[in-house]
Amino acid sequence: MNMFFQSELFVNLSYILASIFFIFGLKMLSSPETAQRGNLISALGMLLAIIVTLMGNNIISYQWLAIALIAGAIVGASAASFVKMTTMPELVALFNGFGGIASLLVGSAEFLNITSALNAIALTAVFLTVLIGGVTFTGSLLAFGKLSEIINGKPFLYFGQRAVLIIFIVLSFILGIEIIVDSGSLGISRFYLLVSLTITALILGVLLTAPIGGADMPVIIALLNSYSGLAAAAAGFVINNNVLIVAGSLVGASGLILTNIMCKAMNRSLMNVLFGGFGAVSSSDGNKSGEIQGEVKPINTSDAYLILEAANSVLFVPGYGMAVSQAQHSVRELGELLEENGCEVNYGIHPVAGRMPGHMNVLLAEANVSYDLLVEPDDVNPIMDTVDVCVVIGANDVVNPDARENEGSPIYGMPVIEVDRAKTVFVLKRSMASGFAGIDNPLFLKENSRMLFGDAKESISTLVSEFKS
Amino acid sequence: MDSLFIMLLFVLILAIFLGFELINKVPSTLHTPLMSGANAISGITIVGAILSSGSDSVLLTTILGTGAVFFATINVVGGYLVTNRMLGMFKKK
């Protein structure tokens, strides 16, 4: 019996079962009602794959394994338990990076293991694993640094940027070909060949992420997510393992779809996001069609209260500013008070609001907002004329009317939430500074716009207390 | 050996198509948990890591494999737990 549980057949059947669990897990993510159970099923699949691998007769020494497993579990569990929902993008970026480095190490370990004879296909897979894994690792660390503001979040651009990038890509392929054909023409040993490739990949990760600015972070995180899956799939080709390939490609596909959705939501191509350095280069040509006219009309909370109190329909439009000021709980409270007052309340969420796909949804879910009130631009724009008040909380570029009206604007053509078509717009803002993309926003000067200056959380809380008194 | 490669390639292609079909049905409201959940799944590389770390062949392989186990475990444990935490917050009233 013991023999059967260690047999190749049993291990592979278990891997198939694990793959089915992953697939079901992802399928159940299609609805918030089943999603949590789906995640559990996916986790069970992972547990099965790990246990079966540990039981296999290839495993001879357990001491280092046990230490690494326990240490990793402690770090992972504490990170997952203590992270604040506002800093979720940072955590996901970091985890992406860890997935990348893990695959890189697996590829390297197999390559340097003299007992495993690798053919040309496996060697190609080693090259791809190390390249993608390395890029994912440093790319994610840099993204983490930019998101947590350890490093300046502005796009880092320099002269000859593309040339440098191309040099390193070519270099990585030269090293890769040498790893595969092993001709010895470069005169360096296997070990140093691998070290050189690893260093090149790590530098490439930095070069690819450095030119990307804060507002484009949702795209790069989704892309790195995809890379971490592809690195795992490539590692699957190194060790001829199906479950790595299935799971890795599912993740790769997921990341690519999200990248595509994010790019569409900004009306830009992936190439433009990766190399454009948006905001740093385009801020000067923003005002082509004449100076913006109008004046800023501030409003105080008492007047804002009176308008909200009379409103029949209110749409909250949150952006990254809501996360920064941690205003989501106050927003939910205000939303509930408005509903009690007989008003219809919805939350309009733009796909690129925040710093990662779905960031705003998680924050509002954390604050107990019912998920069926969270609506997308396509659902809310057609009925915008019937909305009495739009409350824009720390969002800027995703509500910029220039995207529809000003052909000279860098964001022209981007699908936005058309808040300026509502009867009244409140814009909660700290000051008149422009958004992350550094573009002027004529919304602030529109006839129906009222600026509510100050910290978003304080302003909303004041409105809440006005309602209660 | 080549037939094994073709088989693996076949699996890769089918899995990518399946991935596109599955992920396209995930609503935008769940995109953050989707990313962290997918992240946890990409920790599947832990299987390869365990094989490298425990096979007791060359010291360097064991060291690299053990490092890989450590990072992949963070990914798996942290990824699933944080996804679970997030999904627990999505409620309908």
What's the spacing between [X] [atom1] and [Y] [atom2] if we round to 0.5 Å?
X: A:Asn260; Y: B:Ile23; atom1: CG; atom2: CD1; value: 13.5 Å
X: B:Thr73; Y: A:Ile50; atom1: OG1; atom2: CD1; value: 6.5 Å
X: B:Thr29; Y: A:Ile349; atom1: OG1; atom2: CD1; value: 6.0 Å
X: A:Ser254; Y: B:Asn24; atom1: OG; atom2: CG; value: 10.5 Å
X: B:Ser28; Y: A:His350; atom1: OG; atom2: NE2; value: 11.0 Å
X: A:Ile121; Y: B:Ile6; atom1: CD1; atom2: CD1; value: 7.5 Å

Inset, instruction - Step by step, work out the side-chain contact (heavy atoms from CB on, under 4.5 Å) result for A:Asn119 and B:Phe5. - result: CA-CA 11 Å; A:Asn119 62 5; B:Phe5 170 66; over 6 Å; no
Nearest non-hydrogen partners of [X] and [Y], listed with the distance:
X: B:Gly67; Y: A:Leu105; answer: C-CD1, 3.6 Å
X: B:Ile44; Y: A:Ala232; answer: CG2-CB, 4.3 Å
X: B:Asn75; Y: A:Phe98; answer: ND2-C, 3.9 Å
X: A:Ile59; Y: B:Ile50; answer: CD1-O, 3.6 Å
X: B:Ala38; Y: A:Val251; answer: O-CG2, 3.1 Å
X: A:Pro32; Y: B:Phe90; answer: CB-CB, 4.5 Å

Report which part of [X] has an atom under 4.5 Å of a heavy atom belonging to chain B: side chain, backbone, both, or neither.
X: A:Leu69; answer: both
X: A:Gln36; answer: both
X: A:Ala73; answer: both
X: A:Ile23; answer: both
X: A:Ala43; answer: both
X: A:Ile67; answer: neither
X: A:Leu244; answer: both
X: A:Ala222; answer: both
X: A:Leu258; answer: side chain
X: A:Ser31; answer: backbone
X: A:Thr129; answer: neither
X: A:Val238; answer: neither
X: A:Phe191; answer: side chain

Less than 4.5 Å apart, side chain to side chain, heavy atoms only: is that true for [X] and [Y]?
X: A:Met85; Y: B:Thr32; result: no
X: B:Val69; Y: A:Trp64; result: no
X: B:Val82; Y: A:Met88; result: yes
X: A:Leu26; Y: B:Ile41; result: yes
X: B:Leu30; Y: A:Asn361; result: no
X: A:Asn113; Y: B:Ser52; result: no
X: A:Leu29; Y: B:Leu87; result: yes

Just give me the residue among [options] that pairs up with chain A most often, heavy atom to heavy atom, under 4.5 Å.
options: B:Ile63, B:Thr45, B:Thr66, B:Val77; value: B:Thr45
options: B:Gly65, B:Pro33, B:Ser36, B:Gly48; value: B:Gly48
options: B:Arg85, B:Glu21, B:Met7, B:Met86; value: B:Arg85
options: B:Leu60, B:Val26, B:Asn84; value: B:Asn84
options: B:Ser42, B:Gly19, B:Pro27; value: B:Ser42
options: B:Ala49, B:Ala72, B:Ala68, B:Gly79; value: B:Ala68

Inset, instruction - Could you pull out all residues at least two apart from A:Ser140 that satisfy side chain to side chain donor-acceptor pair (under 3.5 Å)? - result: none
Inset, instruction - Report yes or no: does A:Ser61 contribute a side-chain atom to a donor-acceptor pair with the main-chain N or O of B:Gly54 at less than 3.5 Å? - result: no
Structural part of [X] lying under 4.5 Å from a heavy atom of chain A:
X: B:Leu12; result: both
X: B:Leu81; result: both
X: B:Ala40; result: backbone
X: B:Val76; result: side chain

Do you know which of [options] has the most heavy-atom pairs with chain B at a distance under 4.5 angstrom?
options: A:Met360, A:Lys27, A:Glu366; answer: A:Glu366
options: A:Asn225, A:Val369, A:Leu373, A:Ile101; answer: A:Asn225
options: A:Leu364, A:Val92, A:Ile257; answer: A:Ile257
options: A:Gly45, A:Ser81, A:Gly25; answer: A:Ser81
options: A:Ala35, A:Ala18, A:Gly229; answer: A:Ala35
options: A:Ile60, A:Leu250, A:Leu54, A:Asn241; answer: A:Ile60

Legend entry - Greater than 12 external heavy atoms within 6.0 Å of B:Phe20's CZ: yes
Legend entry - Neighbour count >12 (heavy atoms, 6.0 Å) for atom OH, A:Tyr62: yes
Inset, instruction - Mind checking salt bridge (charged side-chain N to carboxylate O under 4.0 Å, His left out) for B:Lys91 and listing every partner two or more places apart, or none if nothing turns up? - result: none
Inset, instruction - Would you please test A:Ser42 and B:Tyr80 for side-chain contact (heavy atoms from CB on, under 4.5 Å) and show each step? - result: CA-CA 8 Å; A:Ser42 173; B:Tyr80 279 119; 2.7 Å; yes
